[in-house]
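Below: the structure, in structure tokens.
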Amino acid sequence: QVQLVESGGGLVQPGGSLRLSCAASGFTFRIYAMRWYRQAPGKQRELVATISSGGSRVDYADSVKGRFTISTDNAKNTVYLQMNSLKPGDTAVYYCRRDDGYWGQGTQVTVSS
């Protein structure tokens, strides 16, 4: 059974960093593109970052370009989201998603002083 489990969220001050992890199981991880989304209170869920199967192509929302980095470790069946220079506007629940629609449960990121 497909499972995606996010971790690494928490409370961080503006300008700080966090690394989110999404551990995948139940499928052949390396053949799927993976995505990170986020949803802030009262807002629609938005796509943050995408990595192709094999990791050769990445894409980011304009709001996080230059600050966030998506990567994968196929040996660990894990996709990461390194988040630097965090801003209060990055506060949201962050979700990973397999390209064809499976979602994790989300991890809360709060950026506040």
Side-chain angles (χ1 to χ4, degrees):
Q1 129 202 20
V2 173
Q3 282 196 314
L4 299 170
V5 180
E6 300 97 333
S7 62
L11 173 64
V12 63
Q13 292 188 341
S17 298
L18 282 175
R19 188 177 78 157
L20 305 183
S21 301
C22 172
S25 61
F27 63 98
T28 305
F29 178 76
R30 68 182 182 278
I31 69 173
Y32 288 91
M34 297 295 294
R35 304 175 190 269
W36 282 98
Y37 286 75
R38 67 185 181 186
Q39 188 166 20
K43 295 188 177 180
Q44 289 189 328
R45 194 169 294 190
E46 65 169 338
L47 177 62
V48 174
T50 301
I51 187 164
S52 63
S53 60
S56 60
R57 296 189 307 275
V58 295
D59 193 25
Y60 300 95
D62 286 344
S63 58
V64 307
K65 276 181 182 175
R67 300 188 298 122
F68 290 12
T69 303
I70 188 171
S71 63
T72 54
D73 184 334
N74 288 335
K76 296 183 178 180
N77 287 357
T78 300
V79 56
Y80 301 99
L81 187 68
Q82 177 67 43
M83 307 187 295
N84 298 329
S85 303
L86 283 162
K87 307 174 181 179
D90 296 318
T91 295
V93 179
Y94 284 72
Y95 301 88
C96 68
R97 177 181 180 267
R98 198 175 82 172
D99 197 42
D100 61 349
Y102 283 92
W103 292 88
Q105 84 289 346
T107 186
Q108 175 71 47
V109 172
T110 302
V111 185
S112 175
S113 54

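Residue indices begin at 1 and follow the sequence shown.
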* Asked: Is there a side chain to side chain contact (heavy atoms under 4.5 Å, CB included) between V79 and I70 once you walk through the steps?
  -> CA-CA 7 Å; V79 56; I70 188 171; 3.9 Å; yes
* Mind checking whether V111 and L20 sit in one hydrophobic cluster, side chains of I, L, V, M, F, W, Y counted as touching below 4.5 Å? -> yes
* Structure fact -> For S21 and T78 the tightest heavy-atom approach is CB-CG2, 4.1 Å
* **Single-linkage hydrophobic cluster, 4.5 Å side-chain cutoff, V58 and V64 together** => yes
* Asked: Is D90 paired with K87 through a side-chain N to carboxylate O contact shorter than 4.0 Å?
  -> no
* Atom pair OG1 (T72) and CE (M34), whose distance is rounded to the nearest 0.5 Å -> 9.5 Å
* Is there a chain of hydrophobic side chains (I, L, V, M, F, W, Y, each step under 4.5 Å between heavy atoms) that links Y95 to L18? -> no
* Once you round to the nearest 0.5 Å, how far does CG of L4 lie from CZ of R98? -> 7.5 Å
* **CD on Q108 to OG1 on T91, rounded to 0.5 Å** => 7.5 Å
* Is there a donor-acceptor contact under 3.5 Å from the side chain of Q13 to the main chain of S113? -> no
* Asked: Would V2 end up clustered with W36 when hydrophobic side chains under 4.5 Å apart are linked, directly or stepwise?
  -> yes
* List for me each residue that meets ring-ring contact (aromatic ring centres under 6.0 Å, His included) alongside Y32, sequence neighbours excluded, and say none if there are none. => F27
* Asked: Please, which pairs that meet disulfide bond (SG atoms under 2.5 Å apart) have at least one residue in residues 53-92, sequence neighbours excluded?
  -> none
* Residues N84, S17; criterion side chain to side chain contact (heavy atoms under 4.5 Å, CB included); working and verdict -> CA-CA 4 Å; N84 298 329; S17 298; 2.9 Å; yes
* Check A40 against A92 and note the closest heavy-atom contact, atom names and distance. => N-CB, 3.8 Å
* Euclidean distance, R38 CZ relative to F68 CZ, rounded to 0.5 Å -> 5.5 Å
* To do: Please report the closest heavy-atom contact between S112 and P14, naming both atoms and the distance.
  => C-CD, 3.6 Å
* Between the side chain of E6 and the main-chain N/O of Q105, is any donor-acceptor distance below 3.5 Å? -> yes
* To do: Measure from NZ or CZ of R19 to the centre of the six-membered ring of Y80, then state whether that distance is under 6.0 Å and the direction lies within 45° of the axis.
  => yes
* Would S25 and N77 count as a side chain to side chain contact (heavy atoms under 4.5 Å, CB included) if you check the C-alpha gap in whole Å, the side-chain angles of each, and the deciding distance to 0.1 Å? -> CA-CA 7 Å; S25 61; N77 287 357; 5.9 Å; no
* Are V93 and V12 grouped together when hydrophobic residues (ILVMFWY) are joined by side-chain heavy atoms under 4.5 angstrom apart? -> no
* Rounded distance (nearest 0.5 Å) linking atom OH of Y94 with atom CG of L81 -> 7.5 Å
* To do: Evaluate side chain to side chain contact (heavy atoms under 4.5 Å, CB included) for R45 paired with W103, printing each intermediate quantity in order.
  => CA-CA 12 Å; R45 194 169 294 190; W103 292 88; 3.2 Å; yes
* To do: Can you run down the disulfide bond (SG atoms under 2.5 Å apart) pairs that involve residues 76-113, sequence neighbours left out, and say none if there aren't any?
  => C22-C96
* To do: Spell out, as yes or no, whether a donor-acceptor pair under 3.5 Å connects the side chain of R57 to the backbone of S52.
  => no
* Structure fact -> Value for CZ (R35) from CG (L47), rounded to nearest 0.5 Å, stands at 6.0 Å
